[in-house]
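Let me begin by presenting the structure, written as structure tokens, before commenting on it.
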Amino acid sequence: MQPNTRDGIILRAISGAYTVHSDGQTVRCCLRGNLRKTFEYATNLQVRRVIRARTIFREDIVAVGDRVRFTETRHGAGVIEEVLPRTTRFCRAGFRGREQVLVCNIDQVLVVFSCADPKPDLWKLDRFLVAGEVEGFTPIIIANKADLVGGDAVAELFSEHAKAGYRVIATSAKLDLGLETLCRTMQGRVSAVVGPSGVGKSSLLNRVQPGLDLRTAEVGVLSHKGRHTTTAAHLIPLRTGGWVADTPGLRQLDILDAAPEEIADAFPEFHTLEARCKFDDCRHKSEPNCAVKDAVGAGIISARRHQSYLILSAEAEVAEKR
Ligand SMILES: Nc1nc2c(ncn2[C@@H]2O[C@H](COP(=O)(O)OP(=O)(O)OP(=O)(O)O)[C@@H](O)[C@H]2O)c(=O)[nH]1
Ligand SMILES: [Mg+2]
Ligand SMILES: [Zn+2]
């Protein structure tokens, strides 16, 4: 490593300008030009000679959460020289179906939905959970705005998901409910906070870490929809240790289609049953002696979750043929 080269973590990445956190300090960085290129080298020569260079037209060569190596050019400014390999990621569907890394190198995904205002759309919640599961996470559900409905109603709203094995934490950013549990869950870990717009993601983080002053806005009076107040993902160092990424509210279209074979694996309540289906490649649709469908019939698996699985599988099959 060169003497003035340092390691850091990307807090923000906006149109080619990167905020890097290193040793408690933030440094504004740009990207070394050759990181935007792929090179082909001559194979028949002893010296390494570039025979072709291509520019990569991808926005996320560097994404929030990336570990990078940079050179400080002057105080508070630098150039990113190297992006270290990513371990995990959470993506959104980008322009023309291409995926965009929203945040990477995370340990856990917290999916925030509100109990009311906007009313929770459980079908959409399933999409978020599948998006997390296909990246290898078991998301934790944060049921925010619990103050608007009361304790029993919160449990009732998310009961299917609790039964499927998901951990559900009820919170209220308004009345400071469940915030200690949320803090403990985030402590020492790298978390991505995702969910639709207006559910209170930024509000929760403002309560968890006073002084953050993240922008928040009321949901539309008539539409009951969020206003997409947070516009870009960014990573925040937590005083209690760990990091958390606030992200923009995702619409249904922003959530990536999973591959058809990934969908069943993304429904944890199917896992132990699948081995008991008659056919090894059972899709739990119309096959005879399907243990998953039997469990639906017996009320062990929620019929709505099974329906959600069928919808997402059908969509994945269509997407794969495109
Ligand atoms: N009653 C109630 N209102 C809340 C709670 N949490 C957030 N809100 C309100 O919900 C609105 C939306 O909150 P935000 O924090 O901006 O929501 P967000 O999820 O960050 O939204 P985007 O940035 O658009 O994705 C604001 O008016 C908040 O005051 C809560 O626990 N209870
Ligand atoms: Mg926000
Ligand atoms: Zn089956």
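Just follow the structure's listing: the first ligand is 1, and inside any ligand the first atom is 1.
Here Glu160 pairs with Arg304 in a salt bridge; the nearest charged N to carboxylate O distance falls below 4.0 Å. A salt bridge between Glu72 and Arg6 is present, with a side-chain N of the basic residue lying under 4.0 Å from a carboxylate O of the acidic one.
By the 6.0 Å and 45° rule, Arg305 does not stack over the aromatic ring of Trp123.
Protein atoms of type N/O/S that fall under 2.8 Å from the Zn ion (ligand 3) number 4 in this view. With a cut-off of 2.8 Å, the protein N/O/S atoms near the Mg ion (ligand 2) add up to 2.
A donor-acceptor pair under 3.5 Å is absent between the side-chain atoms of Thr71 and the main chain of Asn4, judged by distance alone. A side-chain donor-acceptor contact under 3.5 Å links Ser197 to the backbone of Arg227.
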From CA spacing to verdict: salt bridge (charged side-chain N to carboxylate O under 4.0 Å, His left out), Arg92, Asp254: CA-CA 5 Å; Arg92 82 194 279 179; Asp254 296 323; 3.6 Å; yes
Salt bridge (charged side-chain N to carboxylate O under 4.0 Å, His left out) evaluation trace for Glu315 with Arg127: CA-CA 11 Å; Glu315 278 184 21; Arg127 284 177 196 271; 2.9 Å; yes
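Residues forming a side-chain contact (heavy atoms from CB on, under 4.5 Å) with Thr19 (at least two apart in sequence, or on another chain): Leu11, Arg12, Thr26, Arg28.
If you look at ligand 1, the protein residues with a non-hydrogen atom under 4.0 Å away are Asn144, Lys145, Asp147, Leu148, Ser172, Ala173, Lys174, Pro196, Ser197, Gly198, Val199, Gly200, Lys201, Ser202, Ser203, Thr216, Ala217, Glu218, His228, Thr229, Thr230, Pro248, Gly249.
In this structure, Phe90 has its ring center at least 6.0 angstrom away from the ring center of Phe137.
Checked by atom type, the side-chain pair His161/Asp126 shows a donor-acceptor distance below 3.5 Å.
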